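Naming: A, B, ... by sequence-line order, numbering from 1 per chain. None of the values given here were measured: they were computed from a predicted structure.
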Protein chains: 2
Amino acid sequence: MLSRTSQYALRSVLFIAENSHARRKVGVGEVAKALDIPKYYLAKILRKLAVGGLIRSSKGPGGGYYLDSEDFEHALIAIIEIVDGPDSLKKCALGLNTCSSEHPCPIHFYIGPFRDSLLQSLSEITVGDALQQLKEENVFIANLLTADEKKKENGRPDERH
Amino acid sequence: MLSRTSQYALRSVLFIAENSHARRKVGVGEVAKALDIPKYYLAKILRKLAVGGLIRSSKGPGGGYYLDSEDFEHALIAIIEIVDGPDSLKKCALGLNTCSSEHPCPIHFYIGPFRDSLLQSLSEITVGDALQQLKEENVFIANLLTADEKKKENGRPDERH
DNA sequence: TTATTAAAGGACTGAGAAGTCTTTTTTTTG
DNA sequence: CAAAAAAAAGACTTCTCAGTCCTTTAATAA
Ligand code: FES
Ligand code: FES
């Protein structure tokens with residue numbers, strides 16, 4: 001549905017939103033470890049998001065990524081568009097080069113409305129909205145560790161991701 | 001949204017549905033040309049669909065692919081599942097390894113319902129339903145040729161795809 | 001029964017997404 | 001100022017999906 005990259009991006013932004021403010025920044029390594037995302041790959045994604053103005057960054061000791069209060073107002077779709085390019089969700093489900101009711105494919109009227117609603121949602125929900133969800137009991141942004149992984153964690157407590 | 005492969009698969013099945021019956025079969029080349037899909041790649045997809053029991057095939061002169069009357073009853077989701085593997089549309093939008101209301105991600109309740117409706121549609125719509133749409137005026141399964149492409153067609157009328 | 005036709009099968013290539021690593025730049029702090 | 005910390009930058013690898021090509025098998029028709 002969404003590319004792995006935009007999944008990483010969404011989860012990271014929410015993690016940063018939850019764990020940072022202007023005086024408490026989070027580093028790539030911290031995010032990577034918490035969400036089990038390859039560290040150096042994540043670094044690239046976060047850079048894109050920072051360049052795109054969706055998150056903030058600062059270098060040096062005590063530096064890292066954080067969200068400013070305005071950043072909570074961005075719609076989730078903006079995150080997806082920055083990493084996956086725009087319009088990735090507006091295309092014809094069958095891959096035709098136009099999608100319109102004037103030149104529809106055979107499933108346009110069947111599935112179009114749902115796809116549009118989905119897109120609409122992603123355009124309306126802000127980072128703040130999603131963060132609120134995340135703060136609810138039993139809402140997660142990271143996978144639970146399997147028994148195996150827990151053992152691994154204990155065995156090599158300082159392992160890099 | 002859907003992989004390119006399942007887009008090819010859906011369009012091909014509909015094309016075959018429209019243009020074949022037990023005595024008038026269509027070949028890979030014919031489908032590839034009509035839908036502008038790479039011929040040898042399409043061949044693989046059609047083989048999968050045939051093995052999966054969604055379309056029929058026969059070898060030799062006059063052979064090709066066709067649909068039996070029962071084949072019109074298959075849901076579109078079956079086509080997607082055969083080429084992309086099962087459950088490709090049931091996964092968590094953020095890539096968590098479970099998707100459930102008991103262990104939801106922060107956008108589960110926002111977008112889940114629409115995704116479920118989408119999946120529901122694809123499970124209900126049959127090849128026959130989509131074919132009926134296709135027979136409507138102005139419903140298409142192939143891209144219009146651009147001016148450039150038309151010229152190419154004329155210049156090299158027997159070009160392989 | 002032989003030639004022809006079309007799918008079946010399998011080996012290979014290419015492009016793009018995902019992942020890794022090293023070096024450079026910027027900032028803080030002692 | 002020097003050392004350390006962290007992002008920024010960029011080169012490189014790996015993997016998966018998409019695409020190509022060639023050979024084999026099966027069916028038909030002359
Ligand atoms: S034309 Fe295919 S989804 Fe709109
Ligand atoms: S848990 Fe993420 S969509 Fe259901």
ask   = Going only through I, L, V, M, F, W and Y residues with side-chain contacts under 4.5 Å, is there a path from B/Y110 to B/L96?
value = no
Please pick, from [options], the nucleotide with the shortest atom-to-atom distance to any side-chain atom of [X].
X: A/P38; options: D/dG19, C/dA18, C/dG19; result: C/dG19
X: A/Y40; options: C/dT20, D/dA18, C/dA18; result: C/dT20
X: B/V28; options: D/dA18, D/dT20, C/dA7; result: C/dA7
X: A/R47; options: C/dA18, C/dG19, D/dA8; result: D/dA8
X: B/T5; options: D/dG19, D/dA18, C/dT22; result: D/dA18

Provide, to the nearest angstrom, the distance between the [atom1] atom belonging to [X] and the [atom2] atom belonging to [N].
X: A/Y41; N: D/dC15; atom1: OH; atom2: P; result: 15 Å
X: B/K48; N: D/dG19; atom1: NZ; atom2: P; result: 14 Å
X: B/D36; N: D/dA18; atom1: CG; atom2: P; result: 16 Å
X: A/K25; N: C/dT26; atom1: NZ; atom2: P; result: 17 Å
X: A/L46; N: D/dA6; atom1: CG; atom2: C1'; result: 13 Å
X: B/D84; N: D/dT16; atom1: CG; atom2: P; result: 15 Å
X: B/L49; N: C/dA7; atom1: CG; atom2: C1'; result: 14 Å
X: B/I45; N: C/dA7; atom1: CD1; atom2: C1'; result: 15 Å

ask   = Among residues 51-66 of chain A, which residues get a heavy atom nearer than 4.0 Å to DNA chain D?
value =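 Those residues are A/S57, A/S58, A/K59, A/G60, A/P61, A/G63, A/G64, A/Y65.
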key: Any A/R4 side-chain nitrogen or oxygen under 4.0 Å from OP1 or OP2 of D/dT16   = no
To the nearest 0.5 Å, what is the distance between [atom1] on [X] and [atom2] on [Y]?
X: A/I125; Y: A/H74; atom1: CD1; atom2: NE2; answer: 15.5 Å
X: B/S6; Y: B/L76; atom1: OG; atom2: CG; answer: 11.0 Å
X: A/I37; Y: A/R4; atom1: CD1; atom2: CZ; answer: 10.5 Å

key: Heavy-atom donor-acceptor pair, B/N143 side chain to A/N97 backbone, under 3.5 Å   =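 Between the backbone of A/N97 and the side chain of B/N143 there is a qualifying donor-acceptor contact (under 3.5 Å).
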query = Under 4.0 angstrom, heavy atoms only, what part of the nucleic acid is B/K44 near: base, sugar-phosphate, or nothing?
reply =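 Base, at least one base heavy atom under 4.0 Å.
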key: Aromatic ring pairing B/F140/A/H103, orientation class (parallel under 30°, perpendicular over 60°, tilted between)   = parallel
inquiry  = Using side-chain heavy atoms (C-beta onward) and a distance below 4.5 Å, is B/V31 in contact with B/Y65?
reply    = no
